[in-house]
There are 2 protein chains.
Amino acid sequence: MKGKATSFDIAHYAGVSQSTVSRALRGSPLVNEETRRRVVEVARKLNYKVDKNASNLRAQQSSTLAVLLFEDPTSDESQINPFFLSMLGSITRACAKAGYDLLVSFQSSSNDWHADYAESHRADGIILLGYGDYMDYQSKFERLLESDTKFVCWGANVEGRPELTVSCDNSRGGALVAEHLIELGRTDCAFIGDTSHHSPEFSARFNGFAERLKTHGAHVSERKIATAISTEESGYQATKSLLANNIKFNALFGASDLIAIGAIRALQEAGLRVPHDVSVVGFDDLAVARFCTPPLSTVQQNTTLAGQMLVANLLNLIAKQEVDVASSVLPPQLIVRQSSK
Amino acid sequence: MKGKATSFDIAHYAGVSQSTVSRALRGSPLVNEETRRRVVEVARKLNYKVDKNASNLRAQQSSTLAVLLFEDPTSDESQINPFFLSMLGSITRACAKAGYDLLVSFQSSSNDWHADYAESHRADGIILLGYGDYMDYQSKFERLLESDTKFVCWGANVEGRPELTVSCDNSRGGALVAEHLIELGRTDCAFIGDTSHHSPEFSARFNGFAERLKTHGAHVSERKIATAISTEESGYQATKSLLANNIKFNALFGASDLIAIGAIRALQEAGLRVPHDVSVVGFDDLAVARFCTPPLSTVQQNTTLAGQMLVANLLNLIAKQEVDVASSVLPPQLIVRQSSK
DNA sequence: TCCCCGTCTGACACCGGTGTCATAATGTCG
DNA sequence: CGACATTATGACACCGGTGTCAGACGGGGA
């Protein structure tokens, strides 16, 4: 046998037509059980595998999803945010469980997207993953909507289409942090992150945090807010700049774990003890959080569930089925460790 | 315009034949520059994208690679080894740079592989990633070789086919650790990992380590070796069992960072100070290593380079070009941090 | 003028499946 | 025994491109 076997080869050896082979192998009820057995047997012997390209072409669907991962443009080239990698893991699993393949692609937000996976029929739908510039996204979303591409995204909201988004209840997560710090009596808080509309997730965390503090008579002074993107280095620098300006606080909320870890480094370098002098809380619950010094209190986002929801919602979208919007906002959970005891 | 545009639509609007459209869009020198401009313009206007399924089917190649990630079967369901995720990142980038798409799939070693990506023409080649049971792999490798599937793998050697493997010089990495500990005067060493043939990478690290110690008159006592797989928990348990047996040592080499991190936890719980009482060194240089307490000395594997090599070698294999075996063994680098000062 | 050649284009078979339709074989009922 | 439903199968068009081949066209040389 030269080259790969085709369904015609199977048909030949099984003494049936090619049509019957196709039907038999896909479990059509139209074919006789005895015939099917014969076909399956021959196919196994010849190590026959259905050609996905031919099958996809004819069936006009690919049983494949694509993940587009947008990195923070300024983040380190080599290291990808562990939070998204963890998400990627659960998406992969959820995909496999649904019998779909998964294409993965990293994009830099600066570039134009290579988001033609759907248009070129390589994927039936697309999952968008990333913190990213909110304003920048909307125009891309419009292009996707226009070309009738099926997609869902994590975090960022698509205007007027809530069914396309799965996200953590960031605002509530911020509130949980506020409550925790209030219980500890640490209401003189700093915030490292981004309160602008450029980062809807970070600002939601901040707003939930600030509002809950306010209901307890505390508030976050403008001076105690420093801007950072989600890297350790950025968190470190932002915190250092606060300290350099001689700004005092007894608690610090980092908009992500990486930021909080960088903040801890800055605090410790300045001779401040965590949590004795400053309680620190992060957001994400990366695997690192357990291992840093001191172990980091944080708000856990359930990436397993998130990945499952993203896949499930996307598949519903593709099948033109109803998507449950309400359940796509995932509950955050406060994990208290030593950094805020 | 209903549905997606096809090359026939473009042909119609550009007033040429479908053949010419195909040629024009793929830059064939046969088509007149003026004609090409017209075709390209129409294609842009109609937002036309070549159908990959049709193209792949006809061309009998997919411009796609697949990564199969094998997890340690006993490892935690939700968390994937960060080392491989980091590798995945660099593979993705290398793929994109070469103009290939990337399919990602997680496999449990226990299950039969769904490695039919190549047979079903979904991918031109496969990258195998994972620590795994060496013996178990050889039979799978044979099956891949038999079906003439193009593949490369990380770490594990395919018998008699060195060109299919990219790996870190684990033995040399172990030797670097030995030298470092000798310099510190810490030659009473424990090893946590796996010295059996089941884990070729771990045992190579151990052998390189033990041999170098021997040339300096030291050696690793059998009693000071404990078996662990590459998880924090496993490293913790293995170390605890050593301590429970009242075994003393002033240095500990963990076969991976996760193991070393677990070991540190066990040591600290037992009241031993790191590095004052025991110097600890790991292997991998995960992002975590910098952040744990104390920051972990470790052997860095260059995952960026590794990913590039895997992709490059696989593409050479597919193109039936020579593969440079020698350069596929990557040099490890010792990173000294506080855990072994 | 005729022939040849280079340039450019169109017609057409083909990749390997899937879905539809026609039909043969068998059974069922009045 | 004929009309008709049921079951199982084969023939064939089709998905949307790619590669081959034949041919149209214009120019240059004899």
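Reckoned from all heavy atoms, side chains included, excluding hydrogens, waters and symmetry mates. Below, chain A is the first sequence line, B the second, and so on; all start at residue 1.
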* Structure fact -> Whole-Å distance, A:N32 CG to D:dG10 C1', equals 15 Å
* **A:T35 side-chain N/O to D:dA8 phosphate OP1/OP2 under 4.0 Å** => no
* Assess whether atom CD of A:E322 is packed by more than 12 heavy atoms of other residues, nucleotides or ligands within 6.0 Å. => no
* For B:N56 and B:S62, does a side-chain donor sit closer than 3.5 Å to a side-chain acceptor? -> no
* Asked: Regarding A:S17 and A:T20, is there a side-chain donor-to-acceptor distance under 3.5 Å anywhere?
  -> yes
* To do: Spell out protein contact along nucleotides 16-21 of chain C as letters: B when the base is contacted, S when just the sugar-phosphate is, - when no protein heavy atom is under 4.0 Å; keep the 5' to 3' order.
  => BBBBB-
* Quickly, which of B:N313, B:V311, B:L68 forms a side-chain contact (heavy atoms from CB on, under 4.5 Å) with B:I127? Name it, please. => B:V311
* Asked: Is there a donor in the side chain of A:T165 and an acceptor in the side chain of A:S167, or the other way round, less than 3.5 Å apart?
  -> no
* To do: Mind calculating the distance between NZ (A:K52) and C1' (C:dC15) to the nearest angstrom?
  => 17 Å
